[in-house]
Amino acid sequence: MANLNIDAVKDMTYDAIVVGSGVSGGWAAKELTEKGLRVLMLERGKQLEHVTGYENALKAPWQLQYNGRLTEEQKETHPKLSRDYPYNEMTEKYWMKDADSLYKETKRFDWFRPNIVGGKSIMWGRQSYRLSDIDFEANAKEGIAVDWPIRYKDIAPWYSYVEKHVGISGEKLGLPQLPDSEFLPPMEMFCVEKEVRKRIEKQFPGRVMTIGRVANLSAAGKAQLGIGRSACQYRNQCALGCPYGAYFSTQSCTLPPAAKTGRLTLRPDSMVTNILYNKDTHKATGVRVVDAVTLEERIYNAKIVFVCASALGSTALLLNSTSERFPDGMGNDSGQLGHNLMDHHFRIGASGEWEGDLDKYYYGRRANGIYIPRYRNIGNDKRDYLRGFGYQGRASRESWQRGIAELSFGADFKEEMTTPGHWQMGIGGFGETLPYYENKMYLDKTEKDKWGMPLVVFDADLRENEIKMREDMKNDAAEMLEKSGLKNVKAYDRGSYLGMAIHEMGTARMGRDQKTSVLNGNNQVWGAKNVFVTDGACMTSASCVNPSLTYMALTARAADFAVKELNKKNI
């Protein structure tokens, strides 16, 4: 990355500071540098070079010592990380160790904290969907929490703006609950998925099944080729980092254009502990940083600060940024900071077996699946719970691993294991969680981590509305598969704890009134108008769709506003 300074930072004053380098932080750096600002990006994690840093991305399975599995020692030393799927032998170096990522749980909460430049943009699931006015208007119509200060028309141009750069493959549907994006050609559905789609849409009018809308390049356009990206190789090894730049990540997509300006300085291993505030100017002056390796303290100054440390990291930083003006945390006049914690609930659905089509297979390992958009509480459908859910899933053919538990032997058995097994298909629901004030995170200032940050405490859980919704999520999945002709359909509910979906949202919500929210409609902190929070913390409600695309659009929108206000000398 030409012109990207990652050496020791000697200059202590910048036009803008960006805290965090994930999905939101990368976009903030790109937009602010391209608009002429000198930007310092501060990242708690270690440097991860694009391509060369993805150590396991091109390894064959037999090159791994434990075939991707965790050892008993790793499970014992990482009791929280190891209880979920993202942490394994292949990705271990991307995540913070449990000993460094200390937090407390009044109720179980799974907090996955990356330890790399690029953050979760390296490991994310890449499903990319727009929120609609059904989402932006729901709180106001139902009397839940507070009203969003924006509507779809305010963010739609910014969705288009970021999509053209990111590259989203997908299919136009014209659905009011799932607005269409600026699409690259859709990835192809498998034969079984195509047939199940026909049957679902015939049996259940109003329900639609489509290919997932994914930030993987089905074909690289001019915008992507210009920064060294190429089309998806259908390897499905995305969580290891993509040497081809085929999916959106900070390293492949937003850092290159930011670096090209010559105005970006990246400093990894930098734990931001406080945002500093001047009560006379009513502005932030900069940040206090602890070097993650040496524990040396530094202060960096800037005209504007973009807080993009992920929902929970950003809120922890705001809560720890106390002053005479903000004794309970920066922007916390409303008392809402840390509250209204949301995540999607999932791990529920159904799977079944498909008879026939044994002469058909599929190309490569498609890094995508199918999607069934929300249909509950849409139009004339009314349930005994609020909001709704969508499904993600896929069809596949059984692999040779189906024979591991068998007692068969001999030539016939060997021959059988050289061919794909029967088709199977599963769909799993992702449901919306309401923004409950009672679902919260806060700081325990009696205990601190090695960088001096107070430990975060989580007190949040699924409630009656989500529990009712989960019954439909399970039963509907089984019914759709059964009526589509699958056999031996089995419904499941593996339980879901907040944090597990890694779609943390809320805790520093946007709103129309500083008495009930932390941020205004431009993502500015009330009372500190040169501080912007544009990651998941800003979300006023959760929708049921994957949220990262919305963070990108909100960040680009806020950066545009911030620079205009800076030029007008309003901040």
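Since this is a predicted model, take the numbers as computed values, not measurements.
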Going through the checks in order, is the side-chain contact (heavy atoms from CB on, under 4.5 Å) test met by Leu255 and Met41? CA-CA 10 Å; Leu255 276 188; Met41 174 184 274; 4.2 Å; yes
After noting the C-alpha distance and the side-chain angles of Ser517 and Trp526, does the key distance pass the side-chain hydrogen bond (donor to acceptor under 3.5 Å, both in side chains) rule? CA-CA 8 Å; Ser517 59; Trp526 294 109; 2.9 Å; yes
Stepwise side-chain contact (heavy atoms from CB on, under 4.5 Å) check, Leu317 with Val272: CA-CA 7 Å; Leu317 174 57; Val272 181; 3.9 Å; yes
Report the C-alpha separation of Asn439 and Met342 in whole Å, then their side-chain angles, then the decisive distance to 0.1 Å, and conclude whether the side-chain contact (heavy atoms from CB on, under 4.5 Å) test is met. CA-CA 8 Å; Asn439 278 353; Met342 298 171 286; over 6 Å; no
Run Asn465 and Arg387 through side-chain hydrogen bond (donor to acceptor under 3.5 Å, both in side chains) and show every step you take. CA-CA 9 Å; Asn465 195 72; Arg387 315 294 167 92; over 6 Å; no
For side-chain contact (heavy atoms from CB on, under 4.5 Å), just list the numbers for Arg557 and Thr534, CA-CA rounded to whole Å, side-chain angles, deciding distance to a tenth of an Å, and then say yes or no. CA-CA 9 Å; Arg557 177 176 177 266; Thr534 64; over 6 Å; no
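Applying the side-chain contact (heavy atoms from CB on, under 4.5 Å) test between Val531 and each of Ile17, Val307, Asn523 identifies Val307 as the sole match. With Asp100 as reference, Lys450 is the one residue of Arg44, Lys80, Lys450 to meet the salt bridge (charged side-chain N to carboxylate O under 4.0 Å, His left out) rule.
A donor-acceptor contact shorter than 3.5 Å is absent between the side chain of Arg470 and the backbone of Gly431. Asp535 contributes a side-chain N or O that, together with a main-chain N or O of Ser310, makes up a donor-acceptor pair within less than 3.5 Å. Distance alone, capped at 3.5 Å, is enough to place a donor-acceptor pair between the Glu89 side chain and the Gly68 backbone. Checking side-chain atoms of Thr91 against main-chain N and O of Tyr94 turns up no donor-acceptor pair under 3.5 Å. Between the side chain of Asp84 and the main chain of Pro86, no donor-acceptor pair closer than 3.5 Å is present. Side-chain N or O atoms of Tyr247 include one that pairs as donor or acceptor with a backbone N or O of Cys238 at under 3.5 Å. Side chain of Ser351 to main chain of Gly426: no donor-acceptor pair is present (N/O by atom type, distance under 3.5 Å, no hydrogens or angles). Remark: side-chain polar atoms of Asn332 are paired, donor with acceptor, to backbone N or O of Gln336 under 3.5 angstrom. A side-chain donor-acceptor contact under 3.5 Å links Thr433 to the backbone of Asp343. Listed for the Trp124 side chain is a donor-acceptor partner under 3.5 Å among the backbone atoms of Phe248.
Cation-pi geometry between Arg494 and Tyr492 is satisfied (NZ or CZ under 6.0 Å from the ring centre, within 45° of the ring normal). Both tests do not hold together for Arg213 against Tyr129: distance to the six-membered ring centre under 6.0 Å, angle to the ring axis within 45°.
Donor-acceptor pairing under 3.5 Å is recorded for the side chains of Ser541 and Trp148. Counted by atom type alone, Tyr497 and Glu105 present zero donor-acceptor pairs between their side chains at under 3.5 Å. Between the side chains of Ser21 and Thr250, no donor N or O sits under 3.5 Å from an acceptor N or O. The closest side-chain donor-acceptor pair between Asn368 and Gln127 falls under 3.5 angstrom.
Salt-bridge check for Arg325 with Asp333: passed, with a basic side-chain N closer than 4.0 Å to an acidic carboxylate O. Ion pairing between Lys107 and Asp459 holds under the 4.0 Å rule for side-chain N and carboxylate O. Ion pairing of Lys303 with Asp15 is present here, as a side-chain N (NZ or NE/NH1/NH2) and a carboxylate O approach within less than 4.0 Å. We find that Arg463 and Asp461 are not joined by a salt bridge, their nearest charged nitrogen and carboxylate oxygen being 4.0 Å or further apart.
A 4.5 Å side-chain heavy-atom check between His165 and Pro257 finds at least one atom pair inside the cut-off. Side-chain contact between Leu341 and Phe109 is present, with heavy atoms from C-beta onward closer than 4.5 Å. For the pair Thr540/Pro435, no side-chain contact is recorded, criterion being any heavy-atom separation below 4.5 Å from C-beta on. Within the 4.5 Å cutoff, no side-chain heavy atoms of Asn340 are placed close to those of Tyr436. Between Met330 and Val533 there is no side-chain heavy-atom pair separated by less than 4.5 Å. For the pair Pro79 and Asp98, the minimum side-chain heavy-atom distance is below 4.5 Å. Annotation: side chain of Val290 is not in contact with side chain of Met453 (no heavy-atom distance under 4.5 Å). Looking only at side-chain heavy atoms (C-beta outward), Arg509 and Thr516 come within less than 4.5 Å of each other.
From Asp269, atom CG reaches atom NZ of Lys46 across 9.0 Å, with rounding to the nearest 0.5 Å. From Gln237, atom CD reaches atom OH of Tyr244 across 10.5 Å, with rounding to the nearest 0.5 Å.
Counting heavy atoms of neighbouring residues, nucleotides and ligands inside a 6.0 Å radius, atom CD of Glu73 does not exceed 12 of them. Atom CD of Glu55 has 12 or fewer neighbouring heavy atoms from other residues, nucleotides or ligands inside a 6.0 Å radius.
Note: Trp111 and Tyr103 meet the aromatic proximity criterion, with ring centroids under 6.0 Å apart.
Heavy-atom minimum distance, His344 versus Ala501: O-CB, 3.4 Å. For Leu70 against Lys75, the heavy-atom pair with the smallest separation is O-CE, 4.0 Å. The two residues Thr322 and Asp328 come nearest to each other via the heavy atoms CG2-C, 4.4 Å.
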